[in-house]
Amino acid sequence: MFTGLIQGLGKLESLGSDRLQIRCVSGNTEAILGDLAIGDSVAIDGVCLTAVEILSQGFVAIASPETLSRSTLGQKPDACVNIETSLRAGSKLGGHFVTGHVDGIGNLVESIATANAWEMTFTFPTASASIWQRQIAPYIVSKGSIAVNGISLTVADCDADGNWFKVAVIPHSYSETNLQNLKPGSWVNIEADILGKYAAKFLRSSFKLSPNSSSLWEETTVSNLGEITPDFLAEHGFI
């Protein structure tokens with residue numbers, strides 16, 4: 001689990017079909033490598049990877065074919081990437097819950113510098129349209145959370161169907177992450193808010209034990225549950 005608060009930048013280098021070397025080049029290197037151990041999780045551009053070798057200025061991780069096909073990591077040789085180590089118990093949660101399991105790839109439409117921020121608009125590449133509309137678009141809402149290359153951002157604006165969204169990036173986030181390197185058309189990893197996904201699933205269906213069913217769980221549609229009220233939410237553990 002991560003927070004979407006980037007600790008530093010690294011250079012991504014491919015060591016073969018599934019091995020990636022990440023060398024820290026800026027940011028708080030000690031915070032990243034100080035207690036990093038083999039087997040630890042690290043988010044690279046928002047993708048959760050496992051460290052399999054620790055180096056003096058970085059580490060080596062293994063990326064599965066699924067990870068490479070669903071993210072930009074397989075398309076970015078010698079790229080500058082964002083690094084965040086996993087959330088420790090008791091640590092501050094300054095961003096939002098980021099799992100490191102990206103939903104798909106988006107691309108930058110435009111980046112406009114304003115007096116106190118960069119307004120950046122993202123949408124989906126044509127090849128990723130079906131994935132975006134199924135796994136990302138339903139969870140994009142104005143003022144909601146979204147992770148772009150592992151960075152916790154707030155949606156400032158979006159269309160009704162979630163086919164594009166805009167974020168306002170403060171100077172610190174812009175200068176300390178690889179957002180500063182993006183050009184129109186650049187690909188980015190997108191992860192929708194995990195809490196939104198669970199809330200949406202709950203509204204679609206509720207699962208309960210069914211002693212008369214061959215399966216342990218039986219799906220009951222929301223239409224059979226009645227009105228969603230404070231009492232209903234309390235009964236089901238939401239309050």
Side-chain angles (χ1 to χ4, degrees), residues 1-108 125 127-128 131 135 146-153 173-183 186-192 194:
M1 183 69 72
F2 307 92
T3 67
L5 301 183
I6 304 305
Q7 295 169 293
L9 296 173
K11 184 177 181 180
L12 179 70
E13 302 172 358
S14 175
L15 300 179
S17 59
D18 62 351
R19 291 173 63 85
L20 300 173
Q21 177 176 291
I22 298 91
R23 179 167 55 87
C24 298
V25 297
S26 71
N28 193 345
T29 301
E30 178 60 27
I32 297 171
L33 300 178
D35 62 350
L36 186 66
I38 293 176
D40 283 353
S41 296
V42 186
I44 303 300
D45 264 5
V47 182
C48 180
L49 299 178
T50 301
V52 298
E53 182 180 348
I54 308 300
L55 308 174
S56 60
Q57 291 297 316
F59 59 94
V60 175
I62 300 294
S64 69
E66 169 72 6
T67 296
L68 295 176
S69 67
R70 290 286 292 272
S71 72
T72 63
L73 296 187
Q75 305 159 2
K76 287 186 173 182
D78 300 320
C80 175
V81 292
N82 299 318
I83 304 175
E84 181 191 356
T85 56
S86 57
L87 178 66
R88 301 290 195 268
S91 297
K92 292 182 179 179
L93 183 62
H96 73 280
F97 289 118
V98 178
T99 67
H101 305 154
V102 303
D103 294 302
I105 295 173
N107 63 256
L108 177 68
S128 303
I131 293 177
Q135 300 185 5
I146 196 162
V148 178
N149 276 355
I151 306 162
S152 175
L153 297 170
S173 297
Y174 189 84
S175 63
E176 297 296 321
T177 69
N178 64 7
L179 292 181
Q180 62 185 298
N181 301 326
L182 299 183
K183 307 295 182 185
S186 293
W187 292 358
V188 294
N189 296 314
I190 302 290
E191 181 188 332
I194 185 65

Which heavy atom of [X] sits nearest to which heavy atom of [Y], and what is that distance?
| X | Y | answer |
| --- | --- | --- |
| Leu33 | Gly58 | CD1-N, 3.6 Å |
| Asn107 | Pro125 | OD1-N, 3.1 Å |
| Tyr174 | Leu179 | CE1-O, 3.8 Å |
| Phe2 | Thr85 | CD2-O, 3.4 Å |
| Gly104 | Ile131 | CA-CG2, 4.4 Å |

Hey, could you give me the [atom1]/[atom2] distance between [X] and [Y], rounded to the nearest 0.5 Å?
| X | Y | atom1 | atom2 | answer |
| --- | --- | --- | --- | --- |
| Asp40 | Asp35 | CG | CG | 7.0 Å |
| Ile83 | Gln7 | CD1 | CD | 8.5 Å |
| Cys48 | Met1 | SG | CE | 10.0 Å |
| Ser128 | Ile105 | OG | CD1 | 5.5 Å |
| Leu5 | His96 | CG | NE2 | 10.0 Å |
| Ile151 | Ile6 | CD1 | CD1 | 5.5 Å |

Notebook entry, point to check: Between Glu84 and Thr3, does any side-chain donor sit less than 3.5 Å from a side-chain acceptor?
Noted result: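 Glu84 vs Thr3: donor-acceptor pair found between side chains.
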
Item checked: Gln21 and Glu13 side chains, donor-acceptor separation under 3.5 Å ->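 Yes, side-chain donor-acceptor contact under 3.5 Å.
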
Margin query: If the condition is side-chain hydrogen bond (donor to acceptor under 3.5 Å, both in side chains), which residues does Asn178 pass it with, not counting sequence neighbours?
Written below: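 Asn178: side-chain hydrogen bond (donor to acceptor under 3.5 Å, both in side chains) contacts with Asp45, Asn82, Asn149.
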
State, with a plain yes or no, whether a side-chain heavy atom of [X] is found less than 4.5 Å away from one of [Y].
| X | Y | value |
| --- | --- | --- |
| Glu191 | Val98 | yes |
| Val102 | Ile190 | no |
| Asn189 | Thr72 | yes |
| Arg23 | Leu55 | no |
| Ile44 | Phe59 | yes |

Next item on the list: Only pairs at least two apart or in different chains count here, so list each side chain to side chain donor-acceptor pair (under 3.5 Å) that has a residue in residues 52-61.
Entry: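 For residues 52-61: Arg19-Glu53.
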
Next item on the list: Apply the test side chain to side chain contact (heavy atoms under 4.5 Å, CB included) to residues Ile54 and Ile38: give CA-CA distance (whole Å), side-chain angles for both, the deciding distance (0.1 Å), then the verdict.
Entry: CA-CA 7 Å; Ile54 308 300; Ile38 293 176; 4.1 Å; yes

Margin query: Leu20 vs Val60, test: side chain to side chain contact (heavy atoms under 4.5 Å, CB included). Steps then yes/no.
Written below: CA-CA 6 Å; Leu20 300 173; Val60 175; over 6 Å; no

What side-chain donor-acceptor pairs closer than 3.5 Å can you find for residues 61-70, not counting sequence neighbours?
{"residue": "Ser64", "atom": "OG", "partner": "Thr67", "partner atom": "N", "Å": "3.2"}
{"residue": "Ser64", "atom": "OG", "partner": "Thr67", "partner atom": "OG1", "Å": "3.1"}
{"residue": "Glu66", "atom": "OE2", "partner": "Arg70", "partner atom": "NH1", "Å": "3.2"}
{"residue": "Ser69", "atom": "OG", "partner": "Pro65", "partner atom": "O", "Å": "3.2"}
{"residue": "Ser69", "atom": "OG", "partner": "Glu66", "partner atom": "O", "Å": "2.9"}
{"residue": "Arg70", "atom": "NH2", "partner": "Asp103", "partner atom": "O", "Å": "3.3"}
{"residue": "Arg70", "atom": "NH2", "partner": "Gln135", "partner atom": "OE1", "Å": "2.8"}

